[in-house]
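So the structure is just underneath, and the comments pick up after that.
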There are 2 protein chains.
Amino acid sequence: MATGRSTQHNPNPAGGTRRSRGRGIPDATVARLPLYLRALTALSERSVPTVSSEELAAAAGVNSAKLRKDFSYLGSYGTRGVGYDVEYLVYQISRELGLTQDWPVVIVGIGNLGHALANYGGFASRGFRVAALLDADPAITGNVVAGLPVRHTDEMEEIVRDERVSIGVITTPPGAAQQVCDRLVAAGVTSILNFAPTVLNVPDGVDVRKVDLSIELQILAFHEQRKAGDDLADEDGEVPSAPAAAVVSGRGPEQGHGYEEAAG
Amino acid sequence: MATGRSTQHNPNPAGGTRRSRGRGIPDATVARLPLYLRALTALSERSVPTVSSEELAAAAGVNSAKLRKDFSYLGSYGTRGVGYDVEYLVYQISRELGLTQDWPVVIVGIGNLGHALANYGGFASRGFRVAALLDADPAITGNVVAGLPVRHTDEMEEIVRDERVSIGVITTPPGAAQQVCDRLVAAGVTSILNFAPTVLNVPDGVDVRKVDLSIELQILAFHEQRKAGDDLADEDGEVPSAPAAAVVSGRGPEQGHGYEEAAG
DNA sequence: CCATCTTTGTGCACGCGTTCACAAAGACAT
DNA sequence: ATGTCTTTGTGAACGCGTGCACAAAGATGG
C-alpha cells in the first residue's frame, strides 16, 4: 500500500527475463527486506543474539512462512531448532540491499517537502548521503537547509557527475517534475524517487518509485466509504439514471470541487 | 509496489469473502483509480470531451487493457467506437472513491514533515479538509501553521469526536507513533496514514497505509546495486565475521520502537 | 549414540492481477 | 439500410505471491 504497490516501473517491457537465476529476488521480497532490517536493527540494539522466524515476523508485521521464504531467497542463513543470528542477518540483508556502500542522493525542489526530507534523519542513517540540495528559485538558492547550502539547478549536471549521484529525489511542483527528471537522467541518475503528483516518463534502465500522499488518502477514503456503506443497508450504488446526465451537463449544485492542482 | 504495495492491511484475516459481489473492486484497481482521476481532471481542464482507453492509459502510465478492465469494475461507462466521456468518468470515479463528500483529517506531529503536509495543496483540493493539527510539544502548540493553530494532543479525542474525523495522519517520531495510533483509534478514527517508520498494530476494521521514505530508498538502492553488479562479475560476499557490527554500530537514532509484542 | 524437540526450508495449491486476443457494440459514411 | 471502422468489454491463460503443512536438519539431553 502505501505507498501500495507504488512502483511505476515497467517490470518487463520487452520480455527480458528478470528473475533469471538464483540471484533473482522477487520484488515483493525486496520490498519487505527493509522492514526486516529495521526490526532486526532494533533487536541488535537490545543485544538479542538470535530470533526465530515467528518472533521476527510478529515484529515486522508479516506472516512467518512468508518471512522464511523471503530469507530462503537470500540463502540458508538460519539454524534449525534455533532461529536466525541477528547480527549476521543484519549484515546479509544490508549487503543484499546495497547498504554497505554509500549512496549519494540529490534532492531537487526545496519547498516544504524538500525541506522536511533534507532534515529527515532516516537519510543519513543507512548508507544514504545527501550530496546536494537543488532548487531553481533564486530566492531559495543560497539558503542553508539542514546544514547544506541550496544550490541552483544549473549545477545539477556537474554535481551528479562529480559526486557520482545515481539516486535523485524529486520534490518539485508537478509542472517541473518531468523536466527535472529528464535532466537528472541525462546527467546520469538511474533511480528516482518522485514525490510530485505526476507520471514520469523515463527510458529503460531507470527505476522510478513514487510517493503520493494524495493517492494514499484517496485509497483510504474509498475504504472508509465502503465501511460506512456496509453499516447502512445494501445501498445499491446504482445511479438513479438521471444524475449521470445531470453531472455531465450542468455543473451547478454539485459543490464543484472544481479545479484540482493545475498541472496534473 | 512502492509505496510499493505499501499497505499493511490484512486483506482477509478470517476468511470473510471481501470481493463478494459486483460491488467489490479489486485493491489493485482501487489503487489506480486516483491515477486515472488525475489524468482525467487534466483533460477536463483542457475541455477534452472524450478520451480513448489507449490515450488515457498512456497519460496514466498503464496498460490500456488494464485500464479497461479497471473501468469495467465500475460499470460500462464507455462508448464503443468513441471512448469515455471525460466529465462523466471524473464524476463516477470521484463518487466511487468517496471524494464527493468531505473527509476531515487530523495531522498528528507537526515537525518538518507535518509542517510540509499541512501546507500541501493536495489536501484541500479533493474532498480532504484538515480539521486540526496536533502536537504534544508545548513549544509547538499555539503556533500557526498553514493558517491553522497547532493544538495539543490532549484535545485529540474531543476534536475527533466533534469533527467526526475518520482519517488520521501520523507524522510523529517513531517512538510515539503506536501510542498516537492507539489514541486515534480509541477516539474513533478508522483509517490511518502512517509516515513514521514503525509497524502499527491496529484492531480489525482499521485500515493503515504507510509511507516510508527510508524503505523506498532502500528498494531503489537494491536495484541500483543490481544494475551495477550486472556490469561487474559476481562479487561473492563472504562475511569476514565482523562487519555486521560495523554496520549496526553506525547510528543509534533509530530509537527502538521497543514494544511490539515483546518476544511473543 | 540415540531419542526427542524445536525450528527452518520448501513443495504444493490457491487466488489475485495482468495481459492477450477477440467478439460485440456502436459511430459514421455511403 | 448496410457495410466498414473504431473502440470497448471480457473470456481465458499465465505468472506471481501467499500461506499451509510437513519433512529435513540440527540442537539438546540422557
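The sequence lines fix the lettering, A, B, ..., with proteins before strands; numbering per chain opens at 1.
A/T29 comes within contact range of no nucleotide atom at all, as no heavy-atom separation falls under 4.0 Å. Residue contacts for B/Y84: at a heavy-atom cut-off of 4.0 Å it reaches the sugar-phosphate backbone alone, with no base atom in range.
Salt bridge annotation for B/R38-A/D212: present, with a cationic side-chain nitrogen under 4.0 angstrom from a carboxylate oxygen.
For the pair A/Y73 OH and C/dT8 C1', the interatomic distance rounds to 15 Å; values are reported in whole Å. The distance from atom NZ of A/K66 to atom P of C/dC12 is 22 Å, rounded to the nearest whole Å. If you take CD of B/E54 and P of D/dC5, they are 19 Å apart, rounded to a whole angstrom. Rounded to a whole Å, the CG atom of A/D70 is 12 Å from the C1' atom of D/dG19. Rounded to an integer number of Å, the gap from B/F71 CZ to D/dT7 C1' is 14 Å. Rounded to an integer number of Å, the gap from NZ of B/K69 to P of D/dA12 is 11 Å. In this structure, B/D27 atom CG and C/dG15 atom P are separated by 16 Å, rounded to whole Å. Here the P atom of nucleotide D/dT7 and the CG atom of B/L89 are 16 Å apart, to the nearest Å.
Put simply, the side chain of B/K227 reaches to within 4.5 Å of the side chain of A/T190, judged on heavy atoms. Counting heavy atoms from C-beta outward, A/Q225 and B/E96 have side chains that stay 4.5 Å or more apart. No side-chain heavy atom of A/I192 sits less than 4.5 Å from a side-chain heavy atom of B/L220.
A donor-acceptor contact closer than 3.5 angstrom is absent between the side chains of A/T100 and A/R95. Between the side chains of B/Q218 and B/S214, a donor-acceptor pair is found at a separation under 3.5 Å.
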*asked:* Output one letter per nucleotide in nucleotides 24-29 of chain C: B when a protein non-hydrogen atom lies under 4.0 Å from the base, S when only the sugar-phosphate is that close, - when neither is.
replied: BBSS--

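One finds no side-chain N or O of A/R68 lying less than 4.0 angstrom from the OP1 or OP2 phosphate oxygen of D/dT18. Look at B/N63 and you'll find a side-chain N or O under 4.0 angstrom from OP1 or OP2 of C/dC20. At the phosphate of D/dT7, neither OP1 nor OP2 sits under 4.0 Å from any side-chain N or O atom of B/S53.
Comparing atom distances between the B/S72 side chain and each of D/dT18, D/dG17, D/dT10 picks out D/dT10 as nearest.
None of B/F71, B/Y36, B/Y77 except one satisfies the ring pair (Phe, Tyr, Trp, His ring centres under 6.0 Å) rule with B/Y84; the exception is B/F71.
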